[in-house]
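Have a look at the structure below, then the notes.
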Protein chains: 2
Amino acid sequence: MDREPEETDDVRRNAGRGRALDSLDRKILGALSEDATRSYADLSKEVGLSAPAVHERVKRLRATGVIKRTSADLHGPSLGKDFLAFVHVEAAGWGKTEGIMALGELPEVEEVHAVTGDTGLILKVRMDCPEAMEGFLWRLYDMPGVRGTRTYVVLSTHLERGVQAGITPDLSQGDNLK
Amino acid sequence: MDREPEETDDVRRNAGRGRALDSLDRKILGALSEDATRSYADLSKEVGLSAPAVHERVKRLRATGVIKRTSADLHGPSLGKDFLAFVHVEAAGWGKTEGIMALGELPEVEEVHAVTGDTGLILKVRMDCPEAMEGFLWRLYDMPGVRGTRTYVVLSTHLERGVQAGITPDLSQGDNLK
DNA sequence: ATATCAACAGAACTTCATTCGGGGAATATG
DNA sequence: CATATTCCCCGAATGAAGTTCTGTTGATAT
C-alpha cells in the first residue's frame with residue numbers, strides 16, 4: 001500500500017508548522033538562497049549531513065512552503081529595462097480594486113504592496129524608458145479610485161535581494177534604549 | 001592563444017552586448033524565472049529546440065550576466081519575518097555613505113536604492129516584529145548624514161517577484177496621448 | 001521495558017546535465 | 001560567383017547528479 005505523504009490537502013498555509021526550522025535548515029536555506037544550483041553532495045559537506053538527508057530536508061522545505069520556488073534572477077538592463085521606480089498610489093476606496101490587482105498582468109510591475117501612511121499602495125515597476133513610465137502612469141490614472149501618485153525614480157541600486165535566512169538578534173532586544 | 005571573453009574588466013554593465021536576445025532566449029528566460037528547476041529536456045519541448053541547444057543558450061545567458069544567478073525564494077513568515085516595510089531615508093550629504101552601504105550586512109535589509117525626490121534613499125527591510133523595526137530605525141539615526149526617515153509598513157503584499165522577461169509594447173508608444 | 005516514530009547513512013537506481021562530433025544555413029572572403 | 005568561415009543546431013555518448021530504497025539508530029510514548 002503506497003501512502004501518499006502529500007494528501008493532507010488541507011490547511012497548509014502556515015508553512016513549517018509542526019516542525020520548527022533548526023540551524024541545519026537555516027544553513028541550507030541560506031546556501032540555496034544565494035545559489036540554488038549547488039548539488040546536494042556539495043551542500044551535504046557544508047552542513048555535515050549525507051546527500052539524501054539534505055535532499056529530504058529540501059523536499060520538506062519546498063512542500064511546506066518555506067522555499068516558495070527556485071527562480072532565475074534576471075538582469076534588467078540586459079532585457080532592455082533600465083528604468084526602475086517606486087510608485088506610491090493614493091487610492092480612494094481602498095486597495096484590492098479589481099483594476100489594481102490586474103496590474104500584476106503587466107510584466108513591468110514587480111511588486112504591489114498595501115501600506116500604511118498617506119498613500120495606500122506602493123508599486124515597484126521596471127521598464128525600458130521614461131516614456132513607458134509615462135504610459136504606465138496614464139494607465140494608472142484611468143483606474144477608478146486612483147486619486148494621485150508619487151513616483152520615486154531609482155538612480156542607482158546598491159542592494160537588491162530576496163528574503164534572507166539570517167536574522168540580527170540585537171535589533172529586537174538589548175541596546176535599543178541606548 | 002586563448003582569448004578570455006571576460007577580461008574587459010571595464011564597463012560590463014550592459015551585459016549581453018554582441019548578441020541580442022531573440023524570442024527563444026526570452027521564452028527560456030521567462031520559463032526559468034518562474035521555475036529554475038525545470039530540466040533542459042523539458043524546456044526544449046517548450047521552445048522547440050534540443051536539450052543541448054537550450055543548455056548552450058542558458059550557459060551563454062549566465063556567462064553574459066543576463067541570468068544573474070539562480071536562487072531559492074524564501075517565505076518570510078516561515079523564517080519568522082512577518083514584518084515588511086519600506087523606509088525612505090532623507091540623507092544629508094548624499095547616498096553611498098559608508099555607514100549606509102554597511103546596511104547590506106544586515107540580513108533584514110533586502111534592498112537599497114538611491115532615488116529622486118525629497119528623500120534620497122529607499123530601503124526595503126523585513127524583520128520579525130515592530131520592536132526590531134524600532135531597533136533598526138535607531139541604528140539608522142545613529143548614522144551620520146541621516147536627517148530623517150519615513151516608514152511605510154506593509155499591510156499586505158499582493159505581488160512580489162523578480163525582473164520579468166516580458167514587456168508591454170503599448171506603454172512606450174501609441175495611445176499615450178489618448 | 002517495549003513499541004513507535006522520525007531522521008539519517010550507504011547503496012542502488014534513474015534521470016538529467018554536459019560534452020563530443022558532425023551537418024547545414026548564413027555571412028564573409030577571394 | 002565560388003569558396004571559407006562562422007554560428008547554431010542536432011543526435012548520441014558519457015558522466016554526474018537527483019532520487020528512491022532499506023536498514024539502523026536514537027528519542028519518545030505506551
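Atom set for the values below is all heavy atoms of this structure, side chains included, hydrogens, waters and symmetry mates excluded. First the proteins, then the strands, lettered A, B, ... as listed; each starts at 1.
A donor-acceptor pair under 3.5 Å links the side-chain atoms of B/T116 to the main chain of A/V153, judged by distance alone.
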At a cut-off of 3.5 Å, list every protein nitrogen or oxygen paired with a nitrogen or oxygen from nucleotides 21-24 of chain C, distance to 0.1 Å.
none

Between protein and nucleic acid, restricted to nucleotides 22-28 of chain D and to nitrogen or oxygen atoms under 3.5 Å apart, what atom pairs and distances do you find?
none

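For A/D82, there are no side chain to side chain donor-acceptor pair (under 3.5 Å) partners two or more places apart in sequence or in a different chain. Applying the ring pair (Phe, Tyr, Trp, His ring centres under 6.0 Å) rule to B/H55 yields the partners B/Y40; only residues at least two apart in sequence or on another chain are considered. A search for salt bridge (charged side-chain N to carboxylate O under 4.0 Å, His left out) contacts involving B/D42 returns B/R38, not counting sequence neighbours. Under the side chain to side chain donor-acceptor pair (under 3.5 Å) criterion, B/K124 pairs with A/E111, B/E160, not counting sequence neighbours. A search for ring pair (Phe, Tyr, Trp, His ring centres under 6.0 Å) contacts involving A/F83 returns nothing, not counting sequence neighbours. Contacts of A/E110 classified as side chain to side chain donor-acceptor pair (under 3.5 Å), with partners at least two apart in sequence or in another chain: A/R126. Looking at residues two or more places apart in sequence or on another chain, you find no side chain to side chain donor-acceptor pair (under 3.5 Å) involving B/T151.
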Once base and sugar-phosphate atoms are separated, protein heavy atoms under 4.0 Å mark nucleotides 8-20 of chain C, 5' to 3', with B, S and - as SBBB----SSSB-
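Contacts classified as salt bridge (charged side-chain N to carboxylate O under 4.0 Å, His left out) and involving residues 69-79 of chain B (residues at least two apart or in different chains) are given here: A/R69-B/D73, A/D73-B/R69. Pairs engaging residues 98-117 of chain A under the ring-ring contact (aromatic ring centres under 6.0 Å, His included) rule: A/H113-B/F86 [sequence neighbours left out].
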